[in-house]
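Read the structure below first, then the notes.
Only a predicted model underlies this, so the values are computations on that prediction, with no experimental measurement involved. Worth knowing before you read on, the calculation uses all heavy atoms, side chains too, and leaves out hydrogens, waters and symmetry mates.
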Amino acid sequence: MGNFRFSQTLSKQMREWRRDLHQYPELGWMEYRTTYYIDRLLKSFGFTTYMGKEAIVSESRMGVPELSILSQYENKLVSQGEVPEDTIKKMEGGNTGVVAVLDTRKPGPHIAFRFDIDALPIEESDKSTHFPIKNQFRSKNKGVMHACGHDGHISTGLGLSSFLANNKENLKGKYTLLFQPSEEGARGAKAMLGKGWLDDVDYFLSGHIGIKSLNIGDLVATTSGFLATTKINVTFTGRSAHAGIEPEQGKNALLAAATTALHVQGISPHSGGVTRVNVGELVAGSGRNIIADKANMKLETRGETTDLNQYMVGEVKRIICATANMYDVEAEIQIVGEGIETSYDDWWIPTVEQAMNNSEHIKHIIPNIFFGASEDVTFMMEKVKECGGKSNYFLFGTPLIAGHHHPEFDFEEDVLDVALETYVYLIKNLLNDTK
Ligand SMILES: [Zn+2]
Ligand SMILES: [Zn+2]
């Protein structure tokens, strides 16, 4: 095996890509510019790429924005010259994401990687102390921000792609890199999985920058505590009426929604383990003197296991239906995102420790951390395990000034070197193991 150290140039490029991407964050299923950006670079490295409708099963997408919102944005990108029209066509109607494949045609393992690419509906901080302000790369898309570090994930994925292409002669086996849309709200993994990219994968690797505030050089070898989750939208429909003249003619959707919000918080805890429920958004009514005929609610459930999450979903649905019945309104329930449980494999801990032995950037390996949140990558991890492969999810340490999904979220860019080195050294190790 040749020299696996990556160059200073790549380190610098990853930072540049990150800062470019950070300025143009895009929400789930709207990552047109982002997909185009990734695809162009992957092609320039010599990868075969599959973009948009070639990369995902359209019907398996969850929580897709309204078509009118999508086409308005598509038109804007084309008219501003941000994305060529024929490229937009490949992604039309919210079919974003790209997959890159490198087949060395030499016998060896099939290793797959997943990088999530979407941003969040958050207005980025304009504080002078905020790193992207100081360095002039704050979000240019109003109300949208890379506030989870996925800009860093994309950059790492691009760094890895560049490395793989440059070291093709020293490699064996096959490499698949999934640049997954719409991770936030757990909406995208299933659609990408449906295309069969992971059907014959031996090793599947993914990870997240941050999550817990750690030091640069800290690598969390395995992650436990992925919570199964369901994201639910509810629309209550009643009947509006004059609140003074004939209130009895109204059917109050606002009260039904408010009552539901209170009661789901009272679902009995389960002796089987950790559960969560949160009503995060409630919009109802149209004016002070009108009995509200509409209420829209966004809520989510979580559970330590898929069964525990299902218990929560069942209870939530029961409460919604009972409350709608009580107020004589209609309730429409829509599942708009999902994640399942997954367990970690101890085998990775010594494997990662051994692989990072001579690394330059990794200073300290933490065997395992409890994640305590949800990630739709779990569908991919479980799929690979079902097919006899091994899956793993890392955490790449960085101090966090503000938490994830916060307007001041930021990470230290040196973490990009740590993440890239982790993947590179692990590949080297896995190739040596499979002679
Ligand atoms: Zn996030
Ligand atoms: Zn994230």
Side-chain angles (χ1 to χ4, degrees), residues 18 20-35 37 61-77 80 82-83 91 93-97 115-127 130-133 137-154 179-189 191 208-211 229-235 257 261 278-284 295-300 302 334-339 373-376 400-411:
R18 185 262 164 150
D20 268 359
L21 290 158
H22 191 86
Q23 291 177 66
Y24 300 97
E26 297 176 300
L27 297 175
W29 302 126
M30 295 174 79
E31 310 95 329
Y32 301 102
R33 190 189 183 280
T34 310
T35 300
Y37 187 96
R61 292 172 302 157
M62 300 183 94
V64 184
E66 276 175 36
L67 214 56
S68 59
I69 296 172
L70 295 170
S71 52
Q72 198 185 0
Y73 186 55
E74 288 165 12
N75 292 337
K76 188 180 139 192
L77 290 172
Q80 290 179 347
E82 297 274 1
V83 184
M91 300 185 269
N95 290 281
T96 48
F115 308 95
D116 41 8
I117 66 170
D118 58 329
L120 288 148
I122 294 174
E123 178 72 15
E124 183 160 11
S125 167
D126 54 9
K127 273 194 187 166
H130 185 49
F131 185 75
I133 291 281
F137 68 96
R138 181 186 189 257
S139 167
K140 289 192 163 81
N141 289 351
K142 196 166 172 38
V144 187
M145 177 189 173
H146 269 299
C148 201
H150 300 182
D151 48 347
H153 297 170
I154 303 168
F179 291 88
Q180 185 209 303
S182 217
E183 185 282 324
E184 299 293 351
R187 299 175 288 158
H208 212 297
I209 288 172
I211 303 291
T229 185
T230 303
K231 316 295 183 191
I232 305 166
N233 285 359
V234 194
T235 306
N278 186 51
V279 178
E281 205 179 305
L282 177 52
V283 180
N296 291 304
M297 179 185 278
K298 292 184 180 174
L299 69 158
E300 58 163 35
R302 298 179 200 248
Q334 227 189 333
I335 306 293
V336 293
E338 255 179 336
S374 308
E375 238 279 20
D376 63 0
L400 297 173
I401 295 164
H404 290 258
H405 299 196
H406 186 282
E408 281 165 54
F409 174 81
D410 189 39
F411 58 83

Are the side chain of [X] and the backbone N or O of [Y] linked by a donor-acceptor pair below 3.5 Å?
| X | Y | result |
| --- | --- | --- |
| N141 | P25 | yes |
| Y32 | N95 | no |
| T35 | G97 | yes |
| D118 | E183 | yes |
| E31 | I117 | no |
| E26 | R33 | yes |
| R61 | G94 | yes |

Any side-chain heavy-atom pair from [X] and [Y] closer than 4.5 angstrom?
| X | Y | value |
| --- | --- | --- |
| T229 | R302 | yes |
| D151 | R18 | yes |
| D376 | Q180 | yes |

Any idea which heavy atoms bring [X] and [Y] closest together, and the distance?
| X | Y | result |
| --- | --- | --- |
| M30 | Y73 | O-CE2, 3.4 Å |
| A119 | V144 | CB-CG1, 4.0 Å |
| W29 | P65 | CB-CD, 3.8 Å |
| A186 | K231 | CB-CE, 4.4 Å |
| H405 | I122 | O-CD1, 3.2 Å |
| S125 | K127 | OG-N, 3.1 Å |

To the nearest 0.5 angstrom, please state how far the [atom1] atom of [X] sits from the [atom2] atom of [Y].
| X | Y | atom1 | atom2 | answer |
| --- | --- | --- | --- | --- |
| D126 | E408 | CG | CD | 9.5 Å |
| H146 | T34 | NE2 | OG1 | 5.5 Å |
| M297 | N233 | CE | CG | 10.5 Å |
| H404 | I209 | NE2 | CD1 | 8.5 Å |
| Q334 | I232 | CD | CD1 | 11.0 Å |

Practice task
For Q80, look at atom CD and say whether over 12 heavy atoms of other residues, nucleotides or ligands are found less than 6.0 Å away.
Solution key: yes
Exercise for the section: Answer yes or no: does atom CD1 of I133 have more than 12 heavy-atom neighbours from other residues, nucleotides or ligands under 6.0 Å? Expected result: yes
Exercise for the section: Could you label the plane-to-plane angle of the H208 and H153 rings as parallel, tilted or perpendicular, counting under 30° as parallel and over 60° as perpendicular? Expected result: perpendicular
Handout entry: Intermediate values then yes/no, side-chain contact (heavy atoms from CB on, under 4.5 Å), I335 and M62
Key = CA-CA 8 Å; I335 306 293; M62 300 183 94; 3.9 Å; yes
Exercise for the section: Apply side-chain contact (heavy atoms from CB on, under 4.5 Å) to E184 and C148, showing your working. Expected result: CA-CA 9 Å; E184 299 293 351; C148 201; 3.3 Å; yes
Practice task
Could you tell me whether R138 and E123 have a side-chain N and a carboxylate O separated by less than 4.0 Å?
Solution key: yes
Exercise for the section: Give every residue pair that meets the salt bridge (Lys or Arg N to Asp or Glu O under 4.0 Å) criterion with at least one member in residues 63-77, sequence neighbours excluded. Expected result: none
Handout entry: ring pair (Phe, Tyr, Trp, His ring centres under 6.0 Å), paired with H22, selected from F131, F411, F137
Key = F137
